[in-house]
Amino acid sequence: MDHKKEYLLNFKGYNFERSLVKMNIVENMDDYEIRDDDVFLITFPKSGTIWTQQILSLIYFEGHRNRTENVQTIDRMPFFEYNNHNLDFAKMPSPRIFTSHLPYYLVPKGLKNKKIKILYIYRNPKDVLTSYFHFTNLMANLEAENSMESFLQTFLDGRVVGSCWFDHIRGWYEHRHDFNIMFLSYEDMKKDLRSSVLKICSFLEKKLSDEDVDAVVRQSTFQNMKSDPRANYEDIIKNEIGTRNEEGKFLRKGTIGDWKHHLTVEQNEKFDKIFYKNMKNIPLKFIWDINEE
Ligand code: A3P
């Protein structure tokens with residue numbers, strides 16, 4: 001069995017995407033200069049990152065656009081460790097809003113000053129797994145896996161960008177008191193986008209008018225983002241990173257419970273056992289089905 005994935009770069013026990021990661025940032029992460037009003041969106045991959053990037057960038061930029069109309073989301077809210085477009089972070093105007101998949105123990109020390117707001121978006125891991133399986137097969141820079149059976153093991157072993165899902169969420173949750181962090185689930189956003197946007201605004205201390213909240217919600221729906229080239233990453237995945245097939249999209253299904261179409265009964269039972277063992281002391285709420293209350 002293949003245990004080594006060439007596209008992964010392991011640094012201090014965590015897997016980065018080798019061709020995209022900026023080692024000059026990662027190696028100097030600890031003391032990276034952080035501003036009190038920086039905001040970080042933290043996710044495990046495939047948990048709703050680009051969705052929340054869209055929401056946050058609308059909250060911060062839309063009302064006072066300052067000619068940001070045509071700026072892609074990734075440049076409004078760059079990935080900290082990947083800095084895809086080599087932006088000069090030091091020159092970004094405040095408040096800077098960053099996106100990151102980093103585990104709690106690798107982020108700059110400055111994030112512990114409790115002024116920095118961190119939004120952690122999590123998603124039920126069976127849907128993360130399902131989304132990741134399709135993404136792995138779509139993206140030319142990742143290693144394709146021909147069956148869910150083999151990808152399930154890869155995912156559980158943490159041999160993916162982001163490493164082990166359980167370690168990521170548990171690490172952040174168990175160290176939540178070291179940070180000013182709010183946890184919100186993909187499923188909560190899916191079930192009630194408007195009240196999720198209001199929760200996010202309240203955490204960020206951003207007061208938006210009802211009309212502005214409506215505008216954020218309208219522009220953050222799956223359908224809208226799918227057709228908005230600034231928001232759907234089409235350009236980045238096709239022209240900058242490269243895909244294996246033309247039809248594949250970053251915004252694939254955007255639903256809760258798609259795992260039911262992809263996991264066998266045995267795979268599901270295996271997952272449940274591991275989930276229970278790892279998560280029994282973590283009181284975060286998980287929603288596995290669109291009809292669940
Ligand atoms: P699916 O593959 O299940 O469709 P990330 O940005 O962290 O990589 O997560 C990608 C997942 O978020 C994909 O899941 C994508 O479709 C979903 N997504 C992106 N925008 C969304 C939106 N506005 N509403 C619901 N899901 C969205």
Side-chain angles (χ1 to χ4, degrees), residues 16-17 20 40-59 72-74 76-82 84 98-102 119-139 141-142 145 148 151 155 160-163 165 168-169 172 183-197 200 215-237 240-241 243-245 247-263 286-290:
F16 293 90
E17 203 280 353
L20 299 174
F40 274 76
L41 164 66
I42 308 258
T43 60
F44 186 85
K46 312 322 293 171
S47 303
T49 321
I50 112 169
W51 188 8
T52 320
Q53 279 181 304
Q54 168 80 344
I55 294 172
L56 292 190
S57 74
L58 288 165
I59 291 173
Q72 294 180 26
T73 312
I74 196 158
R76 297 182 187 190
M77 269 191 76
F79 271 93
F80 189 72
E81 63 274 26
Y82 292 110
N84 305 59
F98 292 110
T99 309
S100 175
H101 293 319
L102 287 171
L119 177 60
Y120 187 99
I121 301 292
Y122 67 99
R123 183 182 192 184
N124 90 57
K126 294 180 193 171
D127 280 333
V128 173
L129 165 80
T130 305
S131 180
Y132 220 151
F133 176 60
H134 290 95
F135 190 64
T136 294
N137 286 314
L138 168 66
M139 300 302 296
N141 61 326
L142 306 181
E145 295 244 12
M148 179 56 101
F151 188 68
F155 182 86
V160 291
V161 174
S163 291
W165 181 89
H168 198 273
I169 189 161
W172 275 105
F183 291 83
L184 185 68
S185 77
Y186 175 103
E187 291 78 15
D188 277 336
M189 304 204 313
K190 187 76 197 171
K191 282 178 171 273
D192 190 344
L193 185 52
R194 196 169 203 285
S195 70
S196 300
V197 168
I200 293 172
V216 174
V217 171
R218 199 172 50 245
Q219 293 175 77
S220 307
T221 60
F222 186 78
Q223 284 318 324
N224 182 76
M225 283 181 59
K226 208 171 165 63
S227 58
D228 180 349
R230 291 170 309 170
N232 61 22
Y233 278 32
E234 295 282 305
D235 196 42
I236 295 165
I237 69 164
E240 293 182 25
I241 303 178
T243 56
R244 286 200 187 87
N245 70 66
E247 294 79 52
K249 300 266 186 276
F250 205 108
L251 272 79
R252 191 184 59 92
K253 278 202 173 167
T255 55
I256 304 174
D258 191 36
W259 61 270
K260 294 186 178 175
H261 304 118
H262 294 279
L263 292 188
F286 285 89
I287 296 177
W288 306 92
D289 185 306
I290 188 81

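Read the numbers this way: they start at 1 and go in the same order the structure lists the ligands and their atoms.
Ring pair Y120/F40: centre-to-centre distance not below 6.0 Å. Taking the six-membered ring wherever Trp is involved, the centroid distance between the rings of F183 and W172 does not fall below 6.0 Å. Ring pair H101/H168: centre-to-centre distance not below 6.0 Å. If you look at F98 and F79, their ring centroids are not closer than 6.0 Å.
Between N141 and E17, the side chains place a donor N or O and an acceptor N or O closer than 3.5 Å (distance only, hydrogens not considered). The closest side-chain donor-acceptor pair between D258 and H261 falls under 3.5 angstrom.
Atom 12 (O) of ligand 1 has Y186 CE1, 3.9 Å as its closest protein atom, hydrogens excluded (heavy atom only). Of the protein's non-hydrogen atoms, the one nearest atom 10 (C) of ligand 1 is K46 NZ, 3.8 Å. The shortest contact between atom 11 (C) of ligand 1 and any protein heavy atom is with R123 NH1, 3.6 Å. Looking from atom 23 (N) of ligand 1 to the surrounding protein, the closest heavy atom is S220 O, 3.0 Å.
Within ligand 1, the atoms closer than 4.0 Å to a non-hydrogen atom of T221 are 23 (N), numbered from 1 in the order shown. Less than 4.0 angstrom separates some heavy atom of I50 from each of these atoms of ligand 1: 6 (O). Within ligand 1, the atoms closer than 4.0 Å to a non-hydrogen atom of M225 are 20 (N), 23 (N), numbered from 1 in the order shown.
Neither the backbone nor the side chain of T130 comes within contact range of ligand 1; no heavy atom lies under 4.0 Å.
Residue H134 places every heavy atom at 4.0 Å or more from ligand 1. Contact analysis leaves K226 out of contact with ligand 1, as no non-hydrogen atom separation drops below 4.0 angstrom. The shortest heavy-atom distance from F250 to ligand 1 is under 4.0 Å. A heavy-atom separation below 4.0 Å is not found between T43 and ligand 1. Within the 4.0 Å heavy-atom shell around ligand 1 one finds L251.
Under the 6.0 Å distance and 45° angle rule, K126 does not count as a cation-pi partner of F133.
Of the N or O atoms in S131, one or more lie within a sub-3.5 Å distance of an N or O in ligand 1. The shortest N or O to N or O distance between T49 and ligand 1 is below 3.5 Å. Where the criterion is an N or O separation shorter than 3.5 Å, residue side chain and backbone included, G254 meets it with respect to ligand 1. The N/O atoms of R252, backbone and side chain alike, include one that comes under 3.5 Å of an N/O atom in ligand 1. Polar contact check, G48 against ligand 1: a nitrogen or oxygen pair lies under 3.5 Å apart.
Under a 3.5 Å cut-off, the side chain of E187 and the backbone N or O of N124 do form a donor-acceptor pair. When atom types are taken as modelled, the side chain of Y132 and the backbone of F151 share no donor-acceptor pair closer than 3.5 angstrom.
A salt bridge links D289 to K260: at least one charged side-chain nitrogen sits closer than 4.0 Å to a carboxylate oxygen.
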I would like to know whether K46 and D127 meet salt bridge (Lys or Arg N to Asp or Glu O under 4.0 Å); could you show each step before the answer?
-> CA-CA 8 Å; K46 312 322 293 171; D127 280 333; over 6 Å; no
